[in-house]
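Keep in mind that the numbers below use all heavy atoms, side chains included, and drop hydrogens, waters and symmetry copies.
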Amino acid sequence: EMQKKYLTESEQSRLLLGVSKVADPLAQRDYHWIAALILTGMRVQEFSRLTVPMVQQALASGWLVSPKEHCKGGKRGNEYLVTARLRTHLEALVKLSHELGAGCVVPEAGQPLVWGRDVAGIAGPLSVRSYEARLKHWAVHARLDARISPHWLRHTRGMNIMRRSRGSNPLKVAQIALGHRSLKSTGIYLDMSREEYERELQLVDGGRLPK
């Protein structure tokens, strides 16, 4: 089941490339938050509560910190390393927040990193439902699985760590990066990915590898 709920390397490229090619400011906003979710593995509820001051603090310190009340279970906060690639997307989102929110009243919780509109037409943070709808829109645009949800991007982060890590214990890296309390939760990423399975069987049967 897990194997159907993440994006392969090529699918990630197709999704991000498809969004990045659209010049509309909202498409650019979507491009940067989709990339940020892939690079952090944050749950969408947690990401939706990020404010500009929180992100500016992260850009200064090198760590993006979510308070425990924003996190699943509400018992402890999460920390995410601001890598060079993530920094680029966070800086762009701060800039877009200022541009797209010009003239809007800043909510009590702080200026949202990603603006939306609520039912009454008052500006506030983009809703979780809107994140889901926007991601589905771009997935269809890139001819990807329309069942996609933001949680797939969290699983994609875990799979990326397992695939790309050069360290001796990538599972531990994934556990810390995703804020899992035990390695048991992270164990799902030990399952062989679809593309690895296909590649191995092609090699076993002496077939040509797909380009």
Ring pair (Phe, Tyr, Trp, His ring centres under 6.0 Å) partners for His151, two or more places apart:
His155
So, using ring pair (Phe, Tyr, Trp, His ring centres under 6.0 Å) as the criterion, who are the partners of Trp138 when residues are at least two apart?
His141
Closest contact, heavy atoms only, [X] versus [Y]:
X	Y	value
Ala123	Pro107	O-CG, 4.3 Å
Ala146	Lys136	O-NZ, 3.1 Å
Gly124	Pro112	C-CG, 3.9 Å
Val52	Ser97	CG2-OG, 3.4 Å
Leu64	Val82	N-CG2, 3.8 Å
Leu135	Pro150	CD2-N, 3.4 Å

With clusters defined by side-chain heavy atoms of hydrophobic residues (ILVMFWY) lying less than 4.5 Å apart, directly or transitively, does [Y] cluster with [X]?
X	Y	answer
Leu96	Leu37	no
Ile34	Trp115	no
Leu17	Leu153	no
Val55	Leu100	no
Leu90	Val44	yes

All pairs passing side-chain hydrogen bond (donor to acceptor under 3.5 Å, both in side chains) where residues 82-95 contributes a residue, at least two apart:
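Every pair satisfying side-chain hydrogen bond (donor to acceptor under 3.5 Å, both in side chains) with a residue in residues 82-95: His32-His89, Lys95-Glu99.
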Polar side chain donor-acceptor pair, Asn160 to Arg163, under 3.5 angstrom:
yes
Donor-acceptor pair between Gln12 and Thr156 side chains, under 3.5 angstrom
no
Interatomic distance, [X] atom [atom1] to [Y] atom [atom2] [nearest 0.5 angstrom]:
X	Y	atom1	atom2	result
Tyr80	Leu86	OH	CG	11.0 Å
Ile161	Met159	CD1	CE	11.0 Å
Lys5	Ser149	NZ	OG	8.0 Å
Ser66	Glu79	OG	CD	9.5 Å
Arg157	Ile38	CZ	CD1	10.0 Å
Leu93	Tyr31	CG	OH	11.0 Å

Can you find a heavy atom in the side chain of [X] that is under 4.5 Å from one in the side chain of [Y]?
X	Y	answer
Gln56	Val94	yes
Phe47	Val114	yes
Trp152	Glu11	no
Arg143	Arg14	yes

Salt bridge (Lys or Arg N to Asp or Glu O under 4.0 Å) contacts touching residues 29-40 (sequence neighbours left out)
Asp30-Arg134
Apply side-chain hydrogen bond (donor to acceptor under 3.5 Å, both in side chains) to His137 and list each qualifying residue two or more places apart in sequence or on a separate chain.
none
Sorted by chain and number, sequence neighbours left out, salt bridge (Lys or Arg N to Asp or Glu O under 4.0 Å) with Arg164 holds for Glu9
Quick one: does any side-chain atom of Arg154 pair with a main-chain N or O of Met42 as donor and acceptor, under 3.5 Å?
no
Side-chain donor or acceptor of Gln111 paired with backbone N/O of Thr51 under 3.5 Å
no
